[in-house]
Amino acid sequence: MTKLRGTKTAPHTGGPEYIEVVGAREHNLRNISVQFPRNKMVVITGISGSGKSSLAFDTIFAEGQRRYMESFSAYARSFIGNLERPDVDKINGLSPVISIEQKTTSRNPRSTVGTVTEIYDFMRLLFARASDAYSYLTGEKMIRQSEDQIIDAILNNLKGRKLNILAPVVKGRKGHYRELFVQIRKKGFSKVRVDGEIQEIAAKMQVDRFKVHDIEVVIDRLAADPGDRYRLAQSVGLALKEGKGVVMIAEESGAVHHFSKFLMDPKTGLSYDEPAPNTFSFNSPYGACPLCAGLGVLEEITEESVIPDRSLSIARGAILPLGEYRDIWIFKKIEAILKKHKLSISVPVKEIPAAAMHVLLYGDDVPVSVPSVKYPGTEWNTRFEGIIGFLKKMKEEDSESLREWLEEFMVVKTCTECGGARLKKESLHFKIDGKNIAELSFLDIQSLANWFNGLERRLNEKQNAIAAEVLKEIRKRIGFLVDVGLDYLQLDRPLRTLSGGEAQRIRLATQIGTQLVGVLYILDEPSIGLHARDNEKLIKALRKLRDLGNSVVVVEHDREMMMASDFIIDIGPGAGRHGGIVVAQGAPKDFLKQKCATADYITGRRSIAIPAQRRPGNGNSLSITGASGHNLKNVNADFPLGTFICVTGVSGSGKSTLIHETLFPILNRAINRSRLEPKPYRTAKGMDHLDKVIEVDQSPIGRTPRSNPATYTGVFTDIRDLFAQLPEAKIRGYKPGRFSFNVKGGRCETCEGAGLRLIEMEFLPDVHVHCETCKGKRYNRETLEVRFKGKSISDVLDMTVEEAVAFFEHQPRIVRKIQTLKEVGLGYISLGQHATTLSGGEAQRVKLATELSRRDTGKTFYILDEPTTGLHFQDIDHLLAVLQKLVDRGNTVLVIEHNMDVIRSADHIIDLGPEGGEGGGKIIAFGTPEQVVRQGKGHTARFLKEELKPR
């Protein structure tokens with residue numbers, strides 16, 4: 001163990017100088033001991049699978065969380081259960097621990113950047129207290145008046161005129177209102193105004209119940225005379241009481257004036273409730289748009305999704321949910337409807353008149369006569385609800401599988417009522433400086449910061465007095481997001497659409513805002529998804545966290561992050577069982593002098609080779625013109641086929657919009673006849689040169705511990721088939737299903753084959769613990785007695801990919817799928833590793849391996865989103881070799897990437913920018929890496945120039 005000298009006592013905390021871990025053996029760690037300084041920024045690095053996360057999260061964080069739990073009373077712990085102690089002898093100098101991981105992104109569509117950072121909550125408070133209301137009918141500013149102000153307005157503006165003072169009791173509603181007239185009469189009033197006409201209240205009086213009515217009580221009839229102010233005041237007070245804060249003044253000429261103690265449009269009498277913070281919440285019924293319930297989008301079953309090919313007949317399967325003709329009730333109804341229009345079920349849909357088509361899709365109230373099969377000669381007269389009506393009714397069923405099937409015909413569209421703003425129209429007409437809260441949510445963070453700067457000068461004195469403290473909190477939180485390089489996001493961006501790195505940096509910004517001192521923060525690759533230019537901002541944010549008096553431990557591969565740290569620990573030398581040892585440690589200057597793979601790559605003693613020549617492509621290209629989704633500014637892009645393409649640009653410059661939301665849906669529609677809707681574009685050409693498109697993103701491969709690499713790649717089916725063929729299995733009559741942990745028979749029934757049990761922690765994140773019956777093995781004793789080469793099915797799931805390649809070397813079907821996992825740098829993960837424990841980068845490489853194990857056509861277009869996530873320099877070298885091999889076989893590989901080693905290895909670069917958000921959305925450079933450097937435009941060219949220099 002290396003001893004550190006010259007480090008002062010930890011400031012702020014007055015505690016020990018170091019955090020010391022002794023005898024860590026969690027996962028593949030080999031009884032290691034390590035010591036690093038407190039209140040410093042420490043980077044733990046090493047090749048993928050070497051044991052970095054095992055040390056940082058499964059040892060240090062797990063022990064910190066366990067100690068926190070032990071501080072609870074025995075009574076509280078009895079509800080929570082005990083956390084397992086990590087396999088470590090001791091940890092000294094441990095502070096309270098907070099982990100900021102990538103795997104905590106919410107899937108809830110109601111969680112947005114604004115809600116999770118609390119900026120939107122403060123904005124709701126600001127709008128509830130300091131906004132001006134405007135009428136959605138006239139656009140007039142709404143006013144509220146006291147009783148005295150109403151009386152003064154009547155005497156000043158209507159002096160000498162004969163007036164009827166009215167109290168509105170019914171506004172635009174149907175009903176006969178017999179009981180209401182009785183109640184009004186009992187209160188001593190003799191006249192009412194019904195739909196603009198004053199009437200005496202008669203016995204058993206009522207109005208037409210099927211018509212919409214306006215009813216007001218006539219409180220008094222008088223002339224507006226300043227000498228008779230007392231009578232006017234009495235009448236207005238009574239009218240306000242009966243009209244619940246609203247009074248109407250009707251002149252003899254018929255003109256009507258509206259007054260209210262609440263917000264009211266003086267022209268139309270439209271009034272709003274007093275605003276409260278929940279008036280601006282899309283998660284509250286008081287603020288949410290009534291049509292989309294605050295989601296901003298509607299899921300609709302459209303004619304195009306139900307009938308994608310109008311050249312087919314209904315008998316040949318034109319109506320996709322029904323398929324081809326069968327002798328069932330719904331087809332009988334369709335036949336009967338078409339017969340009424342003198343049409344056959346064999347006629348192509350495009351020849352069916354619009355009126356008949358409308359009845360087929362949406363139904364009508366006219367009964368349809370359908371011949372009875374059971375009783376020949378008789379007919380059933382039934383109403384037809386239409387195909388779309390039928391599917392909508394099925395949508396309300398409880399069946400999960402039915403809902404999944406219906407999703408194929410759903411199209412997500414912006415809500416027609418709120419236009420995607422999520423709020424009801426009243427909430428959208430409260431404004432500050434001419435903007436409503438939704439318009440501010442649509443701005444990127446940088447534009448929002450600019451709008452809030454100097455806002456006090458645009459507010460009046462009363463608004464400033466109310467808003468001072470709230471504005472301080474909002475600006476502080478916006479500043480933290482800018483500091484961590486997220487100035488291109490919008491507050492209304494759903495959290496589930498963020499990458500793991502973005503979600504992690506949002507949590508980092510929130511933690512900086514808490515201003516805690518003496519805490520140990522553990523971060524998992526926060527630089528993911530950041531351009532080299534934005535990395536500097538992140539490093540400053542982490543230093544700010546450290547300078548507050550906290551210890552910051554970062555699991556990271558980034559060169560700049562390592563060099564900016566105070567101490568580096570390198571775990572290695574290999575992955576899995578070949579790792580788990582501290583191969584080098586020390587301050588950056590001392591670290592670089594030591595012999596280890598990481599130091600070799602940083603100093604240039606080893607490097608990823610630049611290709612000797614760039615591929616020109618196969619002569620064909622894919623072209624898109626006029627792409628204008630989100631912040632794209634009418635982009636025209638060419639993608640040369642048969643090359644390795646790299647799309648680059650600062651965070652928020654429009655890379656994902658161009659590739660994932662425009663290019664991929666276009667290709668998917670052309671090749672796979674998908675209904676995925678691309679963002680707006682003008683034309684697209686060149687799809688006929690491709691026959692397959694594969695997108696590999698970073699979404700999880702499963703959201704429960706039941707999903708794992710073996711099940712996702714499909715290799716587990718082959719392994720189960722192999723076990724079912726063993727003599728012992730045949731004697732016992734076991735089929736492949738016996739070796740599945742998802743069905744009854746061979747699995748452990750206590751945990752139902754999960755191997756883990758979920759412990760709900762109430763106010764802490766839920767924890768998974770090993771099943772006490774099977775000890776995490778997933779299967780019952782009888783199933784585990786069947787062995788192949790001495791290993792049970794559970795032992796196989798516990799093998800690392802590297803071990804499994806050697807174990808199944810004579811099983812070609814199995815080894816082919818496992819080998820690709822090893823080739824993409826996942827030799828260290830176990831076949832049965834729970835999907836919930838895989839990082840975004842690992843999940844993406846599992847998907848990539850699954851695709852690579854399939855036969856490619858030589859005309860395949862692969863799209864990868866930052867495949868280097870979580871990879872060490874050495875692993876990037878291996879991954880590039882795999883991707884280059886794909887291109888050598890004639891395929892096209894497109895990666896969205898910030899890693900300079902990948903960018904300089906590309907055949908063709910498309911660089912978007914120059915900035916993020918509204919400052920981006922243009923292609924500023926394209927061509928080979930050398931051509932991009934010569935063009936000298938944008939931030940990528942600046943950093944690439946340094947990378948292309950010989951080391």
Side-chain angles (χ1 to χ4, degrees), residues 108-115 119-121 123-124 126-128 131-142 263 265 268 270 272-273 275 277-305 392 410-445 447-448 451 488-497 626-634 652 654 656-657 661-662 665 675-681 917-918 921:
N108 188 340
R110 295 184 178 278
S111 276
T112 65
V113 171
T115 58
I119 294 171
Y120 191 75
D121 298 331
M123 280 170 53
R124 289 195 293 120
L126 179 68
F127 271 79
S131 61
D132 295 318
Y134 294 85
S135 167
Y136 61 73
L137 293 176
T138 63
E140 291 284 317
K141 188 172 178 179
M142 300 185 90
L263 290 166
D265 177 357
T268 62
L270 174 72
Y272 294 166
D273 291 333
N278 63 8
T279 306
F280 306 98
S281 169
F282 46 79
N283 294 327
S284 161
Y286 296 103
C289 165
L291 185 60
C292 64
L295 292 173
V297 293
L298 298 170
E299 284 189 333
E300 289 183 355
I301 299 170
T302 62
E303 195 172 325
E304 293 74 25
S305 63
K392 281 180 179 174
M410 296 283 188
V411 175
V412 176
K413 291 191 170 180
T414 303
C415 174
T416 49
E417 177 84 11
C418 65
R422 295 173 171 241
L423 298 171
K424 62 184 182 183
K425 57 187 173 187
E426 291 90 340
S427 304
L428 295 173
H429 282 80
F430 285 87
K431 298 183 180 183
I432 294 178
D433 191 32
K435 287 199 179 292
N436 64 38
I437 195 166
E439 288 171 328
L440 295 180
S441 297
F442 294 152
L443 296 176
D444 60 70
I445 297 294
S447 303
L448 190 66
W451 187 84
Y488 58 91
L489 293 179
Q490 298 90 19
L491 291 187
D492 75 321
R493 174 94 175 259
L495 215 59
R496 62 180 180 176
T497 66
S628 55
H630 293 321
N631 65 333
L632 294 181
K633 296 178 175 67
N634 211 25
S656 294
T657 306
E661 298 183 48
T662 309
R675 285 183 294 281
L676 202 60
E677 198 69 36
K679 292 290 178 209
Y681 72 100
E918 277 309 302

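Counting from 1, the numbers follow the sequence of the chain as shown. For clarity, every value in this text was computed on a predicted model and none was experimentally measured.
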Grab the two heavy atoms, one from E439 and one from K435, that are nearest each other, plus how far apart they are.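 That closest heavy-atom pairing would be OE1-CA, 3.2 Å.
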Given side chain to side chain contact (heavy atoms under 4.5 Å, CB included), test L440 with M123 step by step and report yes or no. CA-CA 9 Å; L440 295 180; M123 280 170 53; 3.7 Å; yes
Check: S111/N108 side-chain N/O donor and acceptor closer than 3.5 Å: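 S111 vs N108: no donor-acceptor pair found between side chains.
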Could you check whether any side-chain N or O of T662 sits under 3.5 Å from a backbone N or O of T657, counting only pairs where one atom can act as donor and the other as acceptor? yes
Where is the tightest heavy-atom contact between L270 and Y272, given as atom of each residue plus distance?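 Smallest heavy-atom distance, with atoms named: CD2-CE2, 3.8 Å.
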Rounded to the nearest 0.5 Å, what's the gap from SG on C289 to CG on L428? Could you check?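 C289 SG to L428 CG: 8.5 Å, rounded to 0.5 Å.
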In terms of heavy-atom contacts, does NZ of K425 have more than 12 from other residues, nucleotides or ligands at under 6.0 Å? no
Enter the distance from H429:NE2 to N436:CG here, rounded to the nearest 0.5 Å. 8.0 Å
Return the minimal non-hydrogen interatomic distance between P275 and A128, and the atom names on each side.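 Smallest heavy-atom distance, with atoms named: CG-O, 3.7 Å.
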Give a yes-or-no answer on whether the side chains of N278 and S281 include a donor-acceptor pair shorter than 3.5 Å.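 Their side chains do not contain a donor-acceptor pair, so the 3.5 Å distance test is not met.
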Got a second to check how far L448's CG is from L489's CG, nearest 0.5 Å?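 Output value for this atom pair is 12.0 Å.
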Report the distance from atom CD of E661 to atom CG of L632, rounding to the nearest 0.5 Å.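 That separation rounds to 9.0 Å.
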Hey, mind stepping through M410 and I301 against side chain to side chain contact (heavy atoms under 4.5 Å, CB included) and telling me if it holds? CA-CA 5 Å; M410 296 283 188; I301 299 170; 3.7 Å; yes
Of all the heavy-atom pairs spanning M142 and S135, show the shortest one and how long it is.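 Smallest heavy-atom distance, with atoms named: CG-N, 3.6 Å.
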Do E918 and D444 have side-chain heavy atoms sitting under 4.5 Å apart? yes
How long is the span from the NZ atom in K679 to the OG atom in S656, to the nearest 0.5 Å?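 The NZ atom of K679 sits 12.0 Å away from the OG atom of S656.
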Measuring from N283:CG to L295:CG, what's the distance to the nearest 0.5 Å? 8.5 Å
Determine, step by step, whether I437 and Y120 satisfy the side chain to side chain contact (heavy atoms under 4.5 Å, CB included) criterion, reporting the C-alpha distance in whole Å, the side-chain angles of both residues, the deciding distance to 0.1 Å, and the verdict. CA-CA 9 Å; I437 195 166; Y120 191 75; 3.8 Å; yes
Just jot down the side-chain contact (heavy atoms from CB on, under 4.5 Å) partners of S427, sequence neighbours excluded, or say none.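 So S427 forms a side-chain contact (heavy atoms from CB on, under 4.5 Å) with T279, F280, L423, K424.
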To check you understand the geometry: which heavy-atom pair defines the closest contact between R422 and P109, and what is its length?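 Shortest heavy-atom contact: NH2-O, 3.3 Å.
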Do the non-hydrogen side-chain atoms of L491 and I445 ever get within less than 4.5 Å of each other?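 A side-chain contact exists here, since the closest heavy-atom pair is under 4.5 Å.
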Heavy-atom closest contact (F430 atom, F127 atom, distance):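 For F430 and F127, the tightest heavy-atom pair comes out as O-CE2, 3.5 Å.
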Keeping N631 on the side-chain end and G652 on the backbone end, is there a donor-acceptor pair under 3.5 Å?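 Yes; judged by distance alone, with no hydrogens or angles, the pair exists.
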For the pair T115 and F282, evaluate side chain to side chain contact (heavy atoms under 4.5 Å, CB included) and give the outcome as yes or no after the intermediate values. CA-CA 10 Å; T115 58; F282 46 79; 3.9 Å; yes
How about W451 and D433: do any of their side-chain heavy atoms sit closer than 4.5 Å? yes
Does the side chain of Y136 come within less than 4.5 Å of D265's, by heavy atoms? no
